[in-house]
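Scroll down for the structure; my scribbles are underneath it.
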Amino acid sequence: MKITKLEKYRPALHFSPRKNWMNDPNGLVFFKEEYHLFYQHNPNSATWGPMHWGHAVSKNLIEWDELNIALYPDDNGTIFSGSAVVDWNNTTGFFEEEPGLVAIFTHHLEGDNGKQAVQTQSLAYSLDKGRTWNKYEGNPVLAHPLKPDFRDPKVFWHKETNKWMMVLATGQTISIYSSPNLKEWKFESEFGDNCGSHDGVWECPDLFELSIENSSNKKWVLIVSIGDNPNYDEGSRTQYFVGSFDGKKFKPEHEDIKWLDYGKDNYAGVSFSDIPMEDGRRIYLGWMSNWRYANQVPTEGWRSQMTLPRELELCERNGDFYLVQNVVRELDNYFDIKEERKETIITQKKQTIFEVDDDYAEIILTLENINAIRYGLTIEHADSQYTTITIDVKENVLNLYREKSGVVDFSANFSKVQRIPLKESKQLHVRMIIDSSSLELFINGGEQALTSLIFPDKACKRMSLFAEEGKVNLVNGMVSVPSKN
Ligand code: FRU
């Protein structure tokens, strides 16, 4: 891909809006050879405000074309998060001629004179591949007499019961509804009391079935984002549950809390609907920011970007199930290998340095600790701007320090360390994608991920590996830079 000179912090590989504010990804759907990305958007300012659905499309999940705004506020309120599906069998009656897209979203209506805001679910449909939208005249289609937090519908077709299912964030629970036609909804169950993290309001759920690595079995995964709570340094973050779903109830199969990402900057992520069966992937992407400082990050005229799209799978470790995430293979076309090194011993005195000096980069390392007490790498972005990743062998933890990575003074919280508890620290496989203002780290084939914003003057000048009080073997190291094709 040829990148023309980008403005400061503008990502080369990640979607960001041309102008103004963006938060959650919405309405992720594949239809007629296009991936659609709608998103929470304020077209009038680079901070959060009255929400619209912005819109972009892509043929390959990496290069996006921003289109006109898809949904504008109306008498029912502003347009909060939601999903989109293809109504293949015209269950709605909107599509006499051929199947089309339906968006299911939250209308958020501010209350007058200090009254509570009201959140309801509504529909819009498109007869022209998402270019223009008609709001359904029967909106809203789902309301609740009591719940003030009643939002972020994610809808999917459940073939076993021949119905649409909706998961909805309802305070600190997820409510499940079903419908034959997207217009009439029946309450099925409510999930969440006494399980998972309740550190903040629950938002943006997603429920889907996933295959288990090396097995023909499947399990259901429920993703739940948790809003910012000033009592916790992590800010807003995302948990998930693994279990079963019978068309009415979701039942988790574990008691521990599972985090989707150990970094601070992956929130409100959900998966694409209607990926063709021949493809079969579950593709996810998140908003690469954190409510703690999202409105203050130092970009000018635009704010926020999405994570790279990631393929999700499940793996089993000692009878427990985990999400595995890896960037979609489409990204591979954007890189050429610049340098590869094998079997190189790193000691306190002898660092190993890779020159990078490019607008974005991919670094893949297989490291084997021989006897160091700490080891890791430094990404030098520009003069005196660097991010350090250390593996502390005794504590079995990976720390990412971004306090020297560039501009950090917009939030006291931004400089705090981000941490992955490792399963073991002797052998480590690391894949890292560095873009103009982000780092995405995948450990051991995507078993753990850490997504972090950074605001340096330049993406990456060089990367060096170090070891303290002992030796580490770089079994294999590979640095790739923007492809010339
Ligand atoms: C999550 C969220 C959603 C809501 C939207 C509003 O980041 O708070 O719950 O629909 O953002 O922009």
Side-chain angles (χ1 to χ4, degrees), residues 17 20-28 37-55 69-73 76-84 103-110 116-122 124 140 142-144 147-155 166-175 192 197-206 222-230 234-240 260-261 264-271 284-297 303-307 451 453:
N20 291 322
W21 170 265
M22 173 176 83
N23 58 294
D24 315 356
N26 296 149
L28 302 179
L37 161 60
F38 300 89
Y39 50 90
Q40 289 287 280
H41 184 44
N42 179 2
N44 304 313
S45 154
T47 52
W48 192 86
M51 284 292 114
H52 298 55
W53 271 26
H55 188 197
I69 289 176
L71 299 175
Y72 285 82
N76 287 314
T78 57
I79 316 294
F80 270 23
S81 286
S83 50
I104 309 99
F105 59 90
T106 298
H107 261 126
H108 174 90
L109 191 62
E110 285 300 334
Q116 273 276 12
V118 175
Q119 300 187 332
T120 55
Q121 319 320 314
S122 289
L142 179 61
H144 196 283
K147 295 193 174 198
D149 291 307
F150 195 64
R151 61 175 177 272
D152 308 341
K154 180 74 163 76
V155 171
M166 176 198 290
V167 279
L168 195 67
T170 46
Q172 287 202 14
T173 58
I174 299 304
S175 296
S197 165
H198 289 269
D199 290 351
V201 65
W202 285 19
E203 300 185 312
C204 300
D206 194 2
L222 175 66
I223 294 184
V224 178
S225 284
I226 316 175
D228 184 20
N229 174 342
E234 289 84 354
S236 50
R237 49 190 164 152
T238 303
Q239 64 179 329
Y240 67 94
L260 187 104
D261 199 301
K264 282 193 175 156
D265 301 310
N266 182 1
Y267 192 65
V270 285
S271 67
Y284 157 100
L285 68 81
W287 173 47
M288 196 152 56
S289 197
N290 190 313
W291 279 119
R292 183 66 58 91
Y293 43 69
N295 276 285
Q296 285 85 37
V297 300
R303 260 209 192 87
S304 293
Q305 51 191 303
M306 297 301 178
T307 68
T451 306
L453 289 172

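Just so you know, ligand 1 is whichever comes first in the structure, and atom 1 is the first atom listed for that ligand.
- The shortest non-hydrogen separation linking Asn23 to Trp48 is OD1-CD1, 3.4 Å.
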Ligand 1: which protein N/O atoms lie under 3.5 Å from its N/O atoms?
residue	atom	partner	partner atom	Å
ligand 1	7 (O)	Asp24	OD1	2.7
ligand 1	7 (O)	Asp24	OD2	3.2
ligand 1	7 (O)	Trp291	NE1	2.9
ligand 1	8 (O)	Glu203	OE1	3.4
ligand 1	8 (O)	Glu203	OE2	2.8
ligand 1	9 (O)	Arg151	NE	2.7
ligand 1	9 (O)	Asp152	OD1	3.4
ligand 1	9 (O)	Asp152	OD2	2.6
ligand 1	9 (O)	Glu203	OE2	3.0
ligand 1	10 (O)	Ser81	N	3.1
ligand 1	10 (O)	Asp152	OD1	2.6
ligand 1	11 (O)	Asn23	ND2	3.3
ligand 1	11 (O)	Asp24	OD2	3.1
ligand 1	12 (O)	Asn23	ND2	3.1
ligand 1	12 (O)	Gln40	OE1	2.7
ligand 1	12 (O)	Trp48	NE1	3.0

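- Ring planes of His198 and Trp202: parallel class, angle under 30° (limits at 30 and 60°).
- Contacts of His107 classified as ring-ring contact (aromatic ring centres under 6.0 Å, His included), with partners at least two apart in sequence or in another chain: Phe105.
- Partners of Phe150 by ring-ring contact (aromatic ring centres under 6.0 Å, His included), not counting sequence neighbours, listed by chain and number: His144.
- Take Tyr284 and apply the ring-ring contact (aromatic ring centres under 6.0 Å, His included) test, not counting sequence neighbours, and it matches no residue.
- Formation of a donor-acceptor pair under 3.5 Å by the Ser81 side chain with backbone atoms of Asp152 is not found in this model.
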